[in-house]
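The figures that follow rest on heavy atoms only: side chains count, while hydrogens, waters and symmetry mates do not.
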Amino acid sequence: MIILASNSPRRKELLTGLGVPFKVLVMPGIDESYPADLPASEIAEYIAVKKAEPYTISEGTVVITADTVVVCDNEVMGKPKDEDDAYRMLRKLSGKTHQVYTGVCIKSAKADCDSMVTEKHFSVCTDVTFKELTDEEIWHYIKEYKPMDKAGAYGIQEWIGYIGITGIHGSYYNVMGFPVQRIYQELQTL
């Protein structure tokens with residue numbers, strides 16, 4: 001039994017694409033804070049591990065948690081608070097290369113070990129480059145696509161990605177918030 005601990009429609013779509021059966025179960029009220037001195041490259045993984053903590057794992061169960069952050073010029077960008085914050089983020093990303101980190105935690109209980117719980121966690125990084133975006137493009141995207149549920153205020157698979165992204169180095173699906181190739185690889189080892 002695989003449990004996806006995320007309400008993200010993109011994560012559901014990508015896990016479905018792997019062809020493995022799963023159900024969604026999200027624990028409410030998980031604290032997603034992190035230490036102020038934690039390096040930006042470790043934040044998403046740290047939060048993914050925190051998201052896995054409240055789940056009680058029984059024999060033959062696997063829980064997958066994930067978190068994604070965008071980092072540009074050492075600023076960690078989560079989901080925007082409002083349209084003005086989304087504009088600020090996209091203006092900052094405009095004409096630059098930034099990093100997208102997705103942290104994943106896979107928690108499982110082995111059937112042959114008297115419910116011994118194991119936990120694997122990792123982080124995947126992808127470099128993404130945007131062209132210089134105009135204010136009109138940014139506001140059109142914000143108004144039409146409402147990116148308030150996306151780290152860095154954008155979805156690579158949406159209009160802004162079509163017209164704005166000039167380069168990507170690493171996993172495309174990681175930028176969507178779920179590095180499916182690496183997750184598949186880790187699930188194969190269970």
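Side-chain contact between Glu45 and Tyr101 is absent, with no heavy atoms from C-beta onward closer than 4.5 Å. Two residues are said to be in side-chain contact when any heavy atoms from C-beta on lie closer than 4.5 Å; Ile142 and Met148 meet this criterion. With contacts defined as side-chain heavy-atom distances shorter than 4.5 Å, the pair Leu190/Ile106 qualifies. Side-chain atoms of Ile64 and Phe22, non-hydrogen and from C-beta on, never get closer than 4.5 Å to each other. A heavy-atom distance below 4.5 Å is found between the side chains of Phe130 and Ile165. With a 4.5 Å cut-off on side-chain heavy atoms, Leu133 and Ile160 count as touching. With contacts defined as side-chain heavy-atom distances shorter than 4.5 Å, the pair Lys150/Glu158 qualifies.
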Between Tyr55 and Thr61, is the side-chain contact (heavy atoms from CB on, under 4.5 Å) condition met? List the steps. CA-CA 10 Å; Tyr55 289 87; Thr61 301; over 6 Å; no

Determine, step by step, whether Met1 and Lys23 satisfy the side-chain contact (heavy atoms from CB on, under 4.5 Å) criterion, reporting the C-alpha distance in whole Å, the side-chain angles of both residues, the deciding distance to 0.1 Å, and the verdict. CA-CA 8 Å; Met1 157 96 59; Lys23 71 178 190 176; 3.8 Å; yes

Please determine whether side-chain contact (heavy atoms from CB on, under 4.5 Å) holds for the pair Ile183 and Phe122, giving the CA-CA distance in whole Å, both sets of side-chain angles, and the decisive distance to 0.1 Å. CA-CA 10 Å; Ile183 291 168; Phe122 56 88; 4.0 Å; yes

Could you please spell out the steps behind the side-chain contact (heavy atoms from CB on, under 4.5 Å) verdict for Glu137 and Lys131? CA-CA 11 Å; Glu137 290 167 335; Lys131 74 172 186 116; 2.9 Å; yes

Quick one, Asp135 with Arg91, criterion salt bridge (Lys or Arg N to Asp or Glu O under 4.0 Å). Give me CA distance, side-chain angles, the key distance, then yes/no. CA-CA 8 Å; Asp135 283 348; Arg91 174 55 45 223; 2.7 Å; yes

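When all heavy atoms of Val69 and Ala151 are compared, the closest pair comes out as CA-CB, 4.2 Å. When all heavy atoms are compared, the tightest approach of Lys51 to Ala66 is NZ-O, 2.8 Å. In this structure, Ser108 and Ile57 approach most closely via the heavy-atom pair C-CG2, 3.7 Å. Of all heavy-atom pairs between Val100 and Tyr154, the closest is CG2-OH, 3.6 Å. Nearest approach of Glu132 to Ser94, heavy atoms of both residues: OE2-OG, 3.2 Å. In this structure, Ala109 and Ser58 approach most closely via the heavy-atom pair CB-O, 3.3 Å.
Residues satisfying the salt bridge (Lys or Arg N to Asp or Glu O under 4.0 Å) criterion with Lys120, sequence neighbours excluded, are Glu186. Not counting sequence neighbours, the partners of Asp149 by the side chain to side chain contact (heavy atoms under 4.5 Å, CB included) test are Arg10. Legend: residues meeting side chain to side chain contact (heavy atoms under 4.5 Å, CB included) with Glu119, ordered by chain and number and at least two apart, are Val49, Cys105, Lys107, His121. Annotation: side chain to side chain contact (heavy atoms under 4.5 Å, CB included) contacts of His169 (sequence neighbours excluded): Asp127.
Linking Ile, Leu, Val, Met, Phe, Trp and Tyr residues whenever their side-chain heavy atoms come within less than 4.5 Å places Ile156 and Met89 in a single cluster. Taken together through direct or relayed side-chain contacts under 4.5 Å among Ile, Leu, Val, Met, Phe, Trp and Tyr, Val71 and Ile168 form parts of separate hydrophobic clusters. The same ILVMFWY cluster, assembled from side-chain heavy atoms under 4.5 Å apart, contains both Leu14 and Val128. The hydrophobic clustering, which links ILVMFWY residues whose side-chain heavy atoms are closer than 4.5 Å, places Phe178 and Ile43 apart.
No more than 12 heavy atoms of other residues, nucleotides or ligands shown are found within 6.0 angstrom of NZ on Lys79. Heavy atoms of other residues, nucleotides or ligands lying less than 6.0 angstrom from CG of Asn74 number 12 at most.
How far CD of Glu53 is from CE of Met27: 12.0 Å, rounded to the nearest 0.5 Å. Rounding to the nearest 0.5 angstrom, the gap separating the CD1 atom in Ile30 from the NZ atom in Lys50 is 9.5 Å. Atoms CD and OG1, on Gln99 and Thr126 in that order, are 9.5 Å from each other to the nearest 0.5 Å. Atom CZ of Arg11 is separated from atom CG of Leu4 by 8.0 Å, given to the nearest 0.5 angstrom. Rounded to the nearest 0.5 angstrom, Ile47 CD1 and Thr102 OG1 are separated by 11.5 Å. Going from atom CG of Leu90 over to atom CE of Met77 covers 8.5 Å, rounded to the nearest 0.5 Å.
No side-chain donor-acceptor contact under 3.5 Å links Gln181 and Tyr173. There is no side-chain donor-acceptor pair under 3.5 Å between Asp67 and Tyr46.
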Show me the side-chain donor-acceptor pairs of residues 34-41 shorter than 3.5 Å, one per line, residues at least two apart or across chains.
none

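For residues 159-180, no residue pair satisfies the salt bridge (charged side-chain N to carboxylate O under 4.0 Å, His left out) rule, not counting sequence neighbours.
Distance alone, capped at 3.5 Å, is enough to place a donor-acceptor pair between the Asp82 side chain and the Asp84 backbone.
Between Trp159 and Tyr145, the ring planes are parallel. Angles under 30° get that label, and only those over 60° would be called perpendicular.
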